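One structure below.
Both backbone and side-chain heavy atoms feed into the values below; hydrogens, waters and symmetry mates do not. Because the structure is a prediction, the values reported are computed rather than measured.
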Amino acid sequence: MADWLDDLAGGMASHDVAVESPEGYVTFGVGASGVRMSFDPGEDGVGDLEVTFELRAKPIFVAGDPEKSKVGARGGVGFVPVEMLTTDRETFHCYNWLDD
């Protein structure tokens with residue numbers, strides 16, 4: 001679990017999180033939305049501590065082949081949103097450093 005949380009922290013810092021399965025993977029562009037915690041102890045004071053992370057996300061890259069090259073900061077290969085190339089919009093959060 002500690003490794004998983006460390007990976008999630010890295011994904012939050014780089015704004016990309018990938019979800020993998022044997023059939024492929026999806027890389028999401030993410031931003032923090034919220035965190036909730038709850039604890040419901042029994043009479044002995046022991047219970048489950050539940051932590052819920054909410055991430056605003058958009059699929060950036062979908063691969064049906066789990067062997068295909070990973071993209072995003074965590075995959076070592078960047079990606080450019082299609083909207084950067086097809087619209088006049090100027091603000092793209094962490095992509096603002098890209099020039100023409």
Side-chain angles (χ1 to χ4, degrees):
M1 189 179 294
D3 289 341
W4 186 88
L5 287 171
D6 189 48
D7 286 345
L8 181 61
M12 293 305 300
S14 64
H15 300 284
D16 66 306
V17 172
V19 178
E20 298 184 37
S21 76
E23 291 79 35
Y25 65 94
V26 176
T27 301
F28 292 95
V30 298
S33 184
V35 177
R36 288 191 317 266
M37 297 180 75
S38 66
F39 180 63
D40 187 20
E43 289 186 26
D44 61 354
V46 176
D48 291 327
L49 175 63
E50 185 175 313
V51 181
T52 303
F53 295 94
E54 295 173 3
L55 308 175
R56 187 151 173 78
K58 180 178 181 179
I60 301 296
F61 186 82
V62 179
D65 179 359
E67 300 301 316
K68 196 165 183 176
S69 297
K70 305 292 189 269
V71 297
R74 303 289 286 167
V77 178
F79 50 76
V80 175
V82 171
E83 291 88 356
M84 282 190 86
L85 305 173
T86 60
T87 70
D88 291 333
R89 191 171 130 202
E90 293 183 14
T91 303
F92 286 91
H93 301 291
C94 52
Y95 302 104
N96 285 340
W97 58 270
L98 290 173
D99 253 341
D100 292 340

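Crowding of Asp44 atom CG: a count of heavy atoms from other residues, nucleotides or ligands under 6.0 Å exceeding 12.
The side-chain contact (heavy atoms from CB on, under 4.5 Å) check on Ala57 picks up Phe28, Val30, with sequence neighbours excluded.
Among pairs with a residue in residues 28-38, those fulfilling side chain to side chain donor-acceptor pair (under 3.5 Å) read Arg36-Glu54, at least two apart in sequence or across chains.
Interatomic distance, CD of Glu20 versus OG1 of Thr27, reported as 8.0 Å (0.5 Å rounding).
The shortest side-chain heavy-atom distance between Glu50 and Asp40 does not fall under the 4.5 Å cut-off.
Contact between Leu5 and Phe53 at its shortest, heavy atoms only, is CD2-CE1, 4.3 Å. For the pair Leu55 and Ala32, the tightest heavy-atom approach, listed with the atom from each and the gap, is CD2-CA, 4.3 Å.
Under the 4.5 Å side-chain heavy-atom criterion for grouping Ile, Leu, Val, Met, Phe, Trp and Tyr, Val46 is not connected to Phe39 through any hydrophobic cluster. Cluster annotation: Val35 and Trp4 are assigned to the same hydrophobic cluster (Ile/Leu/Val/Met/Phe/Trp/Tyr, side-chain heavy-atom contacts under 4.5 Å, transitive).
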